[in-house]
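Contents: one structure, followed by commentary.
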Amino acid sequence: MAADEGQQHPLKVYWIMWVALFVLSGFSYATDFMEDGALRTFFILFFMFVKAGGIVWIFMHMGWERLSLKLAILGPPIAIGVLIWLMTYEGFYVEESRLEHYGESTFEPQEVPHH
Amino acid sequence: MPFAVVLILLVIGSIVFHVLSPWTFTELASNWKMVDVTVDITLYVTGLVFVAVNLFMAYCVYKFRYREDARAKYEPENHKLESWLTGLTTVGVAAMLTPGLFVWANFVDVPEEAHVVEAVGQQWHWTYRYPGEDGKFGEVDAERITHDNPFGMDPDDPNGLDDVLVYNPEVHIPINEPVKFLLRSKDVLHDFAVAEFRVKMDLVPGMNTFLWLQPTKIGRFDVLCEELCGVGHHTMRGAVVVEEMEDFEAWLAQQPTWADMSTKAAGDAAAGQAQYAVCGSCHGQNGEGMELLNAPKLAGQSEWYLRGQINAYKNGLRGTHEDDTFGAQMVPMVATLASEASIDNVVAYIQTMPDEKPAATIEGDLEEGEEHYRTCAYCHGDDGMGVQALNAPRITEMSDWYLKRQIENFQKGVRGLHPQDFYGFQMSLMSKSLQDDDAVNDLVAYINSLTKPLPTED
Amino acid sequence: MAYVAIADRDHEEEHHDPDTFITKYIWSQDHKVIAIQYGMTAIFVGVIALALSVMMRLQLGFPDSFSFITPERYYQFITMHGMIMVIYLLTALFLGGFGNYLIPLMIGSRDMVFPYLNMLSYWVYLLSVIILIASFFVPGGSTGAGWTLYPPQAIMEGTPGVDWGILLMLASLGVFIVAFTMGGLNYITTVLQARCKGMTLMRMPLSIWGIFMATVLGLLAFPALLVSAIMMLLDKTILTSFFMPAISSYGADPGYVGGSPILFQHLFWFFGHPEVYIVALPAFGVVSDLLSTHARKNIFGYRMMVWAIVAIGGLSFIVWAHHMYVSGMNPYFGFFFATTTLIIAVPTAIKVYNWVLTLWEGNIHLRTPMLFAIGFIFTFIHGGLTGLFLGNVTIDLPLSDTYFVVAHFHMVMGVSPILVVFGAIYHWWPKITGRMYNETLGKWHFWMTFLGTYAIYLPMHYLGFQGVPRRYFSMGETSFLPDSAQDLNAVITMSALFVAATQILFFINVFWSLRKGPKADPNPWDATSLEWQTPDTPPKHGNWGHHLPECHRWAYDYSVPGYEDDFIPQNVPADRAPAGRDHGEH
Amino acid sequence: MSEAVVEATGTQGVVDDFSRDKQVFGMPWGKAMMWIFLLSDTFIFSIFLVSYMTVRIGTTDPWPNPSEVFGLTMFGANVPLLLIAIMTFVLITSSGTMALAVNMGYRKDRTKTFWLMIATAILGATFVGMQAFEWTKLISEGVRPWENPFGAAQFGSSFFMITGFHGMHVTGGVIYLLVIAFRVKNGFYEKRGGNYEIVEICGLYWHFVDLVWVFIFAFFYLW
Ligand code: HEA
Ligand code: HEA
Ligand code: CUA
Ligand SMILES: [Cu+2]
């Protein structure tokens with residue numbers, strides 16, 4: 001793309017994206033009314049990623065950028081992926097160790113006041 | 001030319017140093033032979049590389065040194081060579097890694113039948129816990145830790161009652177039996193390490209970690225804390241005694257259980273008064289101490305410390321060094337306290353004595369002294385009233401001449417070097433940073449300037 | 001507008017020359033001045049850290065003979081020593097110093113893309129240094145938690161500087177990271193977006209590659225440190241429990257509950273391991289250029305060298321827990337990290353081979369910079385190989401937290417990059433100052449530093465084998481250490497004192513050269529890379545006078561057959577000299 | 001006009017971009033730098049969230065139920081997450097206006113750009129305001145960074161830290177927006193050859209802040 005054009009695109013895409021974001025947020029908000037479980041988790045993540053993708057791809061114009069930028073920006077976070085992956089194991093390892101040696105928590109949560 | 005020579009000499013020198021060096025791994029005392037083997041393998045592979053690459057470099061430096069007429073070869077790349085080297089390196093790496101992973105797999109899964117011992121670390125000493133008859137540990141909780149319950153045991157947990165509690169940095173384990181050390185820390189990170197066993201592991205507060213081994217040698221091995229845990233880090237020592245099964249069981253049988261500890265009756269001051277008569281003759285009827293008789297003030301000293309020191313004399317941890325003439329006088333005296341109970345009674349009686357500030361006998365430069373005291377304050381507290389959790393006794397408003405003599409004893413090794421006097425050993429390490437007599441005087445003078453805080457309700 | 005690559009927008013308003021002294025030397029936006037400011041500050045703190053190390057050695061070599069070294073101070077010394085050396089000296093010197101100076105010159109641009117930000121970067125760095133130094137003087141002194149700052153101990157009673165020292169340290173680190181980010185964004189953008197005509201990435205000198213990759217690592221790794229610093233600050237100040245479980249400290253309950261100390265270690269090393277490569281990669285790059293230039297030979301296997309740098313950079317993010325084999329983390333991680341860690345040896349090995357093969361069939365001038373470069377190869381091989389011991393999880397069991405580790409990282413970080421730093425200073429000195437240094441002094445400086453440091457660190461490995469723990473104020477009697485171990489310590493201390501003293505030679509050389517050093521000609525080493533082709537020496541503001549250079553070849557056209565000179569500068573067009581082997585074209 | 005224009009796409013395109021002289025990405029310096037900065041910032045927020053995840057898994061104390069804790073009572077009924085939902089919509093709206101602003105910028109429509117940016121800034125400010133409201137509500141209910149009556153202490157710690165850090169980003173963004181907006185209005189960039197990429201750069205940052213919120217919303221309020 002050349003200097004004078006820049007990231008200029010038909011307004012329509014923005015409107016669509018905009019509406020889409022509202023709808024999707026509506027959905028992810030709705031997941032709060034589902035009962036817990038794999039399905040809910042799936043939806044939470046699913047809508048999260050779709051929304052995130054939309055913002056990055058359309059609003060941040062990533063979709064129109066060249067592949068080289070896409071890779072340069074989306075590549076490095078893989079490292080974070082590894083960190084997340086391993087830290088889940090670490091978290092559970094710690095928790096198990098605690099349950100085994102220090103026993104269940106004795107904390108009684110209070111009712112959440114409504115106002 | 002000289003450079004090439006130096007490089008070659010360095011390579012040869014390193015090898016010679018390695019071969020001749022008396023400094024190498026301590027004699028193995030556990031089943032972890034495989035660790036040493038892995039080290040050797042790695043040593044050979046890397047040693048080979050070290051020699052080869054450096055000699056080649058030396059050769060280049062010599063052969064291709066600058067010459068007027070010479071001209072370097074223009075050779076940007078040589079894929080064949082590069083892939084060969086890459087391949088070889090990969091092989092070398094694999095050769096080192098593979099055995100390592102196998103040994104680790106072995107380390108990770110603990111044998112089912114392993115005896116379990118819990119090593120508890122805290123600033124700056126070790127204590128231990130055995131599961132007792134039922135083979136089950138009672139649940140613990142850091143928030144429950146108090147002076148009467150140093151292990152944070154749960155009083156309502158039946159599994160805990162028969163747990164054997166060893167409030168002492170020395171632990172015993174049977175030889176040729178797999179032993180799993182469960183590691184727990186009360187405060188900060190520590191690390192349970194025994195050089196001869198080859199394995200070590202950090203203690204992490206808020207969770208339990210572990211290591212396992214099978215001792216193969218009878219003997220007594222130093223336990224070192226190898227994770228920085230504050231100013232006392234280097235003084236945090238302990239010992240593992242490896243002995244035959246029956247000796248081990250005999251020893252274990254003598255150790256108190258949680259049930260014993262929690263039901264232990266408090267000392268009876270009235271009863272103690274009678275026994276104190278003996279002590280009184282030197283230490284004074286009110287425990288105020290008598291310099292002439294070299295008997296320090298006892299009144300106001302915390303009971304746990306008094307009890308500890310009386311036992312130290314009884315068990316030969318103190319008063320046995322030939323230069324410890326005054327300490328020697330204590331030995332027959334404490335012999336008169338036959339039973340644990342009698343000790344408790346005397347100590348209880350001492351607690352009832354009026355606590356007057358003794359007259360100062362030592363002058364010194366207070367600024368200097370304050371500077372020196374910074375180190376002491378870490379354990380004895382800013383007010384010098386002592387910190388039980390750190391086994392640091394009260395030093396404020398106690399006999400200053402005695403304080404000075406003990407510091408000197410620690411420095412000279414008259415006190416604190418008995419292999420079982422772990423807390424004394426800490427002082428022998430710490431006291432040495434006082435260089436000369438003046439330093440000691442300044443310090444003691446400063447301590448004289450400290451005053452006992454007014455009693456607070458609670 | 002800014003679209004147009006810098007080469008095409010070569011009009012003067014680009015760089016309004018500074019006139020007054022202030023704008024020229026103090027609030028300068030010229031990358032060269034900023035580089036020198038960075039360098040001088042870094043070296044200044046470096047010398048402080050050096051002094052600290054000497055005091056540490058005094059205690060270790062001759063225990064309890066110096067009343068001013070108490071255990072408290074000792075632990076403060078090692079902490080500040082480590083932290084300063086790694087972050088405030090090497091990171092700042094390589095990236096802020098050499099990065100700033102070399103990037104624009106070597107890729108043929110007028111300056112960093114955002115000079116103002118660049119200037120800010122330095123002043124913020126200076127602020128972080130001031131905060132750091134201040135922590136020596138606050139009540140309780142600087143923190144003694146070790147440069148790894150592991151909680152709970154770093155913020156709990158029993159540690160020196162637990163009231164103020166630790167706060168200032170964390171604050172200083174935070175500020176440093178801000179400074180680094182400002183600089184780092186500049187370096188990366190400049191390398192990616194502001195090269196001169198004909199300067200492709202695959203034509204850049206390896207120095208730039210090393211610095212570039214190190215900066216990338218920095219921008220991705222420092223966040224981990226920043227975040228953990230923030231969380232530790234909160235734990236310390238308002239008693240949150242990120243890293244703090246329920247504990248009983250000094251017999252009292254400080255009121256924490258449920259946090260995880262191991263989490264901090266993971267975050268710290270997720271930063272920490274890339275960090276060690278942040279100080280290594282620039283050294284790798286620079287040393288390649290020194291070797292090639294002074295051996296009059298093209299660097300061997302340029303493309304492999306570049307890919308190795310990239311590979312090391314990438315891998316360095318998935319090996320962090322090799323610092324935690326015995327930390328009590330999930331033990332199964334050992335398998336993963338041991339494997340990834342040893343894999344790193346392969347790209348690194350490639351680099352080592354290529355350095356040596358660059359000497360092969362070269363025409364080697366053993367000038368001071370070259371001496372340092374070759375010395376680096378030796379010490380780095382040694383340090384790297386000991387790294388393989390530690391990387392192998394099993395061997396780490398006995399060796400972790402002993403002097404073997406100390407020996408490893410000093411060999412690989414405490415001396416190797418330092419040798420490169422010196423070599424680089426000597427190498428670029430003529431360009432930076434326009435004067436020559438004293439060759440003989442330089443050579444002496446090398447020999448003493450090189451041999452001296454080897455004498456310091458080689459014996460440390462053996463203390464480690466015997467099980468002497470690191471971070472020990474004194475050993476006292478043990479059942480397993482022979483008394484000779486103490487003698488060894490004394491020897492180490494001797495050599496440390498010696499080496500530290502010989503650094504005087506360096507500074508003498510510097511001042512001598514600045515006063516009466518002979519005038520240097522623009523390209524004393526007959527080097528090919530662009531910084532040596534500047535119209536004036538030292539280069540003026542804007543570097544290139546009126547026309548930016550054009551790059552026509554890679555940086556290593558030394559001794560190209562059929563050309564009488566044994567070097568062809570990068571800006572010599574192909575029609576005036578043989579093209580050589582150019583990596584620019586594919 | 002500059003030969004920086006290479007049309008090859010896909011892998012070949014990547015190769016071409018990286019083997020080109022002068023510059024890799026066909027974009028202004030400022031924009032390239034913003035992207036790189038955002039990458040670094042991504043790491044910051046990721047690590048915040050990873051820590052949050054780890055402590056949440058690790059603690060044995062019960063984790064408060066967000067949809068209750070963050071619930072609001074409207075017309076007698078307790079509507080879970082109502083405030084958060086509103087905040088989310090506010091932020092999305094602002095993203096929309098920002099996107100339009102960028103577009104208008106390229107059309108050199110200064111007044112529209114200006115007003116759209118102002119709108120974005122106002123929405124951003126609203127978001128921060130509502131966050132402040134939410135904080136006060138939680139604090140009034142006894143939630144503190146170091147403890148809370150509903151469960152694990154880490155709940156409050158992570159909540160205040162992460163939303164706080166995000167809030168700071170928003171606040172910073174609002175200021176940034178205002179500065180640029182007024183420069184646009186005053187024709188600051190006309191003197192600079194009428195180039196309005198700066199608006200897009202500003203937009204990149206703003207959208208990123210929105211992006212982060214998407215993750216916080218999912219991980220903190222829903223999960
Ligand atoms: C410049 C800094 C630097 C560099 C480059 C390295 C490089 C490496 N480091 Fe080191 N390391 C540190 C700085 C560095 N390290 C620091 C500061 C610490 C301590 C932090 C602290 O706790 O305070 C540390 C600690 C440390 C540990 C933790 C020890 C412990 O605490 O228990 C480990 C463990 O795996 C390790 C491993 C390695 C490895 C495998 C490499 C590899 O990258 C080395 C690769 C190089 C080579 C392999 C040599 C060249 C190759 C050849 C000559 C080819 C032939 C090779 C074969 C055939 C295999 N290092
Ligand atoms: C770049 C890193 C670096 C450098 C150069 C050094 C240099 C030295 N270090 Fe250290 N050191 C560390 C990084 C470094 N160190 C780290 C990270 C730790 C761990 C801290 C911790 O445990 O928390 C440590 C710990 C450490 C210990 C262990 C303390 C303990 O565990 O109890 C010891 C003990 O001998 C030691 C000694 C020395 C000595 C004698 C020198 C030098 O004196 C050797 C000779 C010096 C040089 C050859 C350098 C010359 C010049 C400069 C360094 C500055 C000036 C620069 C220019 C002019 C360009 N260092
Ligand atoms: Cu406990 Cu070090
Ligand atoms: Cu590492």
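Per chain, numbering begins at 1; letters A, B, ... match sequence-line order.
- When heavy atoms are compared at a cutoff of 4.5 Å, B:V103 approaches chain C by way of both its backbone and its side chain.
- C:Y75 and B:H234 are linked by a side-chain donor-acceptor pair at a separation below 3.5 angstrom, with hydrogens and angles left out of the test.
- Taking the ring centroids of C:Y462 and B:F17, they lie under the 6.0 Å cut-off.
- Each of B:L429, B:L417, B:L189, B:N106 has some count of heavy-atom pairs under 4.5 Å with chain C, and the biggest count is that of B:L189.
- Side-chain N/O atoms of C:D253 and C:S248 include no donor and acceptor closer than 3.5 Å.
- Looking at B:L211, neither its backbone nor its side chain comes within 4.5 Å of chain C, counting heavy atoms on both sides.
- Rounding to the nearest 0.5 Å places CZ of B:F64 at 12.5 Å from OG1 of C:T358.
- Only the side chain of B:V204 comes within less than 4.5 Å of a heavy atom of chain C; its backbone N, CA, C and O stay farther away.
- In summary, B:R374 and C:E72 engage in a salt bridge, as defined by a charged side-chain N under 4.0 Å from a carboxylate O.
- Ranked by heavy-atom pairs shorter than 4.5 Å toward chain C, the options B:T146, B:V49, B:T38, B:L81 are led by B:T38.
- For the set B:T89, B:T42, B:T209, the count of heavy-atom pairs under 4.5 angstrom toward chain C peaks at B:T42.
- Ring geometry, C:F450 versus B:F3: the interplanar angle exceeds 60°, so the pair is classed perpendicular (tilted spans 30 to 60°).
- Of the atoms belonging to C:P151, it is backbone heavy atoms, and not side-chain ones, that fall under 4.5 Å from chain B.
- Classification of B:E371 and C:R73 as a salt-bridged pair holds, one side-chain N sitting under 4.0 Å from a carboxylate O.
- Using a 4.5 Å cut-off between heavy atoms, B:F425 touches chain C through its side chain atoms alone.
- At a 4.5 Å heavy-atom cutoff, the contact between C:F446 and chain B is made by side-chain atoms alone.
- In terms of heavy-atom pairs under 4.5 Å with chain B, the best-connected choice from C:L357, C:I299, C:I69, C:V352 is C:L357.
- Only the backbone of C:E157 has a heavy atom closer than 4.5 Å to any heavy atom of chain B.
- Contact of C:A252 with chain B is not made at all, since no heavy-atom distance falls under 4.5 Å.
- Highest contact tally toward chain C, considering only B:L390, B:V387, B:V199, is held by B:L390 [criterion: heavy-atom pairs under 4.5 Å].
- Using a 4.5 Å cut-off between heavy atoms, B:A105 touches chain C through backbone and side chain atoms alike.
- The residue among B:K200, B:K186, B:R198, B:E82 with the most heavy atom pairs within less than 4.5 Å of chain C is B:K200.
- Both the backbone and the side chain of B:E75 come within contact range of chain C, with heavy atoms under 4.5 Å apart.
- The contact between C:T339 and chain B is made by backbone and side chain atoms together, counting heavy-atom distances below 4.5 Å.
- Between C:D566 and B:R71 there is no salt bridge, since none of the side-chain N atoms of the basic residue sits less than 4.0 Å from a carboxylate O of the acidic one.
- Contacts of B:H18 with chain C are made by both backbone and side-chain atoms, with heavy-atom separations under 4.5 Å.
- Note: C:F465 and C:F404 have tilted aromatic rings, judged against thresholds of 30 and 60 degrees for the angle between ring planes.
- For C:A295, the part lying under 4.5 angstrom from a heavy atom of chain B is the backbone only.
- Between B:F210 and B:F107, the ring-plane angle classifies as parallel under the 30° and 60° cut-offs.
- Neither the backbone nor the side chain of B:D436 comes within contact range of chain C; no heavy atom of the residue lies under 4.5 Å from a heavy atom of that chain.
- Using a 4.5 Å cut-off between heavy atoms, C:M324 does not touch chain B at all.
- Counted by atom type alone, C:T148 and C:R471 present one or more donor-acceptor pairs between their side chains at under 3.5 Å.
- Residue contact with chain C, scored on non-hydrogen atoms closer than 4.5 Å, involves the backbone and the side chain of B:A142 alike.
- With a 4.5 Å cut-off on non-hydrogen atoms, B:W32 does not touch chain C at all.
- For B:E196, the part lying under 4.5 angstrom from a heavy atom of chain C is the side chain only.
- At a 4.5 Å heavy-atom cutoff, the contact between C:F378 and chain B is made by backbone and side-chain atoms alike.
- For chain B, the nearby parts of C:I374 are the backbone and the side chain; heavy atoms of each come within less than 4.5 Å.
- Both the backbone and the side chain of C:D401 come within less than 4.5 Å of a heavy atom of chain B.
- The main-chain N or O of C:G375 is found under 3.5 Å from a side-chain atom of C:T379 such that the two form a donor-acceptor pair.
- When every heavy atom of B:T26 is checked against every heavy atom of C:Q466, the shortest pair comes out as CG2-O, 3.8 Å.
- Residue C:L359 touches chain B through both its backbone and its side chain, counting heavy-atom pairs closer than 4.5 Å.
- Classification of the C:W554-B:Y74 ring pair by plane angle, with boundaries at 30° and 60°, yields perpendicular.
- Heavy-atom pairs under 4.5 Å with chain B peak, among C:G334, C:A349, C:G467, C:S484, at C:S484.
- Looking only at heavy-atom pairs under 4.5 Å with chain B, the residue among C:A246, C:G362, C:G251 that has the most is C:G362.
- Residues C:P245 and C:S260 are not in side-chain contact: their nearest non-hydrogen atoms beyond the backbone lie 4.5 Å or more apart.
- Ring pair C:H382/B:F50: centre-to-centre distance below 6.0 Å.
- Proximity to chain C (any heavy atom under 4.5 Å) is shown, for B:Y378, by both the backbone and the side chain.
- Looking at C:L342, both its backbone and its side chain come within 4.5 Å of chain B, counting heavy atoms on both sides.
- For a residue to count as touching a neighbouring chain, one of its non-hydrogen atoms must lie under 4.5 Å from one of that chain's; by this rule C:W355 does not touch chain B.
- Of the atoms belonging to B:V194, not a single heavy atom falls under 4.5 Å from chain C.
- Highest contact tally toward chain C, considering only B:R237, B:R67, B:H147, is held by B:R237 [criterion: heavy-atom pairs under 4.5 Å].
- Under the 30°/60° scheme for interplanar angles, the aromatic rings of B:F197 and B:F221 are found to be tilted.
- For C:V162, no part lies under 4.5 angstrom from a heavy atom of chain B.
- No donor-acceptor pair closer than 3.5 Å links the side chain of B:H233 to the backbone N or O of B:G230.
- Between C:N330 and C:F336 there is no side-chain heavy-atom pair separated by less than 4.5 Å.
- Side-chain contact check for B:S14 and C:Y454: at least one donor-acceptor pair (N or O, by modelled atom type) lies under 3.5 Å.
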